[in-house]
Amino acid sequence: MKLAHRLLLQSLAIVAVMVVSVVAIIDNQIHASITDQATHDLAGEARLVATEWRPGVDPDALADEAGVATGHRVTLIDSTGRVLGDSEFDGPALVSLENHSTRPEVIAARQSGLGSVRRMSPSTGEEQLYVAVKAPSGTARVSVTTSEIEEIFARARSGVIAAGLISFLLAAVLSLLFSRAVSRPIAELRDVARSIAAGERTRPPALAAPGEVGDLADAIYRLAEQLEARLSALAAEQSILTALVETLNEGVIAISPEHEVVRINDTGRRLLSIHQPVPFGMDFLPREGTLRGAISRALKGTETEPEEVTIGETTLSLTASPLVNGGAVLALFDLTPIRKLEAVRRDFVANVSHELRTPLTIMGGFAETLQDPDIPADKRASFAKTIFNSTQRMQRIVDELLDLSRIESGHWKPRPQAVRIADVAGEVFGRVAATAKSKGIVLETRVDPAGDVVYADRTALEQILLNLVENALRHTGENGRITIKTAPADNGVHLIVNDTGTGIPPEHLPRIFERFYRADRGRSRESGGTGLGLAIVKHLVEAHGGSVAAESVVGAGTTIRIFFPIGAASEES
């Protein structure tokens, strides 16, 4: 709502309240005045009738004459309360009137000489104003219906209300003129202030008003000029600062003295998983003891040394420094990739050492035993075979490590072509048929006609399926089943290898594609596994732009699901 309208409405509201109040007060005063005047007139008439009521005068005739003369009801009552005369009742009706000794006005007249009351008349059934005065022979009473008084009051009230309405209309006109005169310069200054806020800081106020309003317009113009210069400098500095902070690989968080985060860069949001718009309270920061302690010390003015803190699965280097005018700034550096690389390096060295130590120990032990000339020939052959098997195992580990290194380094690139899955599955099953037959395992191929061809490097596809099938054979008991099947997808083909083996516990599933990771280390090693097969499968699939996932139920088997896309691969083919 505009200022002019508000001023007008407020002024009209004030005037309306004043007019209503004045009308109400005058209304009450007029009503009281008319009632008092009527009471005074009736009292005068009653006294006049009382003076005429002398011994020997017929009270009823006197009441009738006085009633005709005054136009009001006149009642003459003796000292016992019996009605001797009434201008409205004669004969039997007069005799049948009730005794008036208990009437309030009669009692008051006897005690103080004058009594008046408004009440309903039992004889006429109308509200009456009764005025009674004490007379030598009893009590003289004159009454009038209140409707006559109300008619007089209504005429007076109409005049008062008409005067109030005229006053209100005049006040409304004056209020309208006043509100326009006050609001026009203020509205002009408002528009100028809005234009300054919107960026038009060079627009001068067009108002040429005298007095304080003109001085205000001048001050706003000078303020706009200074604001333009300062904001330009601040915007340039802010742009440089923002670009610098946002390009940092470190998370930067600024906290105000009121314990509110007033600035945080994208890296800080990512590291702390914060999506709240600034400013926001410190309660939204992670509730980690080291982090909270560093913030608390920095807010008290103490700079902290770099500390390592783990939030969720992220390892961070944390430094907190106090600001000059209060508050603190935090610097967060993500150590997670470094720690992961260190862990991978440690695990790789440990795993390679462990995997090579076992066959080397076996080879060394048996080679030392073979130096004894007393060993029988059959034992020598057995020991030599064991040494040969251990050598082959070492060879497989080294070969697979070289393959894995070649794939990861990008030196190997797939050469996709249209390959029929049924053909590759048949070749793979042929290579493991003897092992499967010895354990009574059924090898099955179920190829969907809509997904019978994938675009992949044929050699890589054979290695993928062979690794998965050999892995399934190692973990599937007798009379089990291994199935290779396909399922079409919108932009590729799903290749699925399913077995009915022992299954993999849920806690191991996320890591089975890591190098040398085994869910059951002892059993895998005894069955000839190197721990690199699934890692090679994952890297070969990802080199084709695909993905691999595992599902398993302990005791029910494992399903490896591979997705091969057909977009760029098919075009290159």
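If you read the sequence from its start, that first residue is 1, and numbering goes on from there.
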Thr369 and Ile375 have their tightest heavy-atom pair at O-CD1, 2.6 Å

> Angle class for the His494/Phe563 ring planes (parallel below 30°, perpendicular above 60°, tilted otherwise)?
Replying inline: tilted

Taking distance alone, no hydrogens or angles, what donor-acceptor pairs closer than 3.5 Å link side-chain atoms of residues 547-560 to residues at least two apart or in another chain?
residue, atom, partner, partner atom, Å
Ser552, OG, Ile504, N, 2.6
Ser552, OG, Gly557, O, 3.2
Ser552, OG, Thr558, OG1, 3.0
Thr559, OG1, Asn498, ND2, 2.6

N/O donor-acceptor pair under 3.5 Å between Thr304 side chain and Ala320 backbone: yes

Would you indicate whether Asp372, at its atom CG, is surrounded by more than 12 heavy atoms from other residues, nucleotides or ligands within a distance under 6.0 Å? yes

Margin query: Does any part of the side chain of Asn467, heavy atoms only, come nearer than 4.5 Å to the side chain of Leu534, both counted from C-beta?
Written below: no

Taking every heavy atom of Ala460 against every heavy atom of His544, the minimum-distance pair comes out as CB-CE1, 3.9 Å

Review point. Going through the distances and angles, do Val252 and Arg263 end up as a side chain to side chain contact (heavy atoms under 4.5 Å, CB included)?
Key: CA-CA 8 Å; Val252 178; Arg263 182 152 196 157; over 6 Å; no

Does Gln463 form a side chain to side chain contact (heavy atoms under 4.5 Å, CB included) with Leu540? I'd like the steps, not just the answer. CA-CA 9 Å; Gln463 188 173 1; Leu540 287 175; 3.9 Å; yes

Across all chains, not counting sequence neighbours, the side-chain hydrogen bond (donor to acceptor under 3.5 Å, both in side chains) partners of Arg297 are Glu307

For Asp334 and Thr315, the nearest pair of non-hydrogen atoms, with its separation, is OD1-O, 3.3 Å

Q. What do you reckon, is CZ of Arg270 surrounded by more than 12 foreign heavy atoms closer than 6.0 Å?
A. yes

The side chain to side chain contact (heavy atoms under 4.5 Å, CB included) partners of Ala328 (sequence neighbours excluded) come to Ala298, Leu299

Taking every heavy atom of Leu318 against every heavy atom of Ala294, the minimum-distance pair comes out as CD2-CB, 3.7 Å

- Would you call Val453 and Val493 a side-chain contact if the rule is heavy atoms closer than 4.5 Å? no

Closest heavy-atom pair, Ile482 versus Val469, reported as atoms and distance to 0.1 Å, is CD1-O, 4.2 Å

Shortest non-hydrogen pair, Val309 vs Glu288, comes out as CG2-OE1, 3.0 Å

Pairs of donor and acceptor atoms involving the side chains of residues 443-451, under 3.5 Å and at least two apart or interchain, shall be tabulated with distances.
residue, atom, partner, partner atom, Å
Glu444, OE1, Arg481, NH1, 3.2
Glu444, OE1, Thr483, OG1, 3.2
Asp448, OD1, Ala450, N, 2.8

Give every donor-acceptor pair under 3.5 Å between a side-chain atom in residues 273-283 and any protein atom, sequence neighbours left out.
none

Those residues at least two apart in sequence (or on a different chain) that pass side-chain hydrogen bond (donor to acceptor under 3.5 Å, both in side chains) with Glu542 are none

task: Salt-bridge test for Glu462 and Arg458: reply yes if a basic N is under 4.0 Å from a carboxylate O, no otherwise.
output: yes

Of Leu272, Leu335, Thr290, the one forming a side-chain contact (heavy atoms from CB on, under 4.5 Å) with Leu316 is Leu272

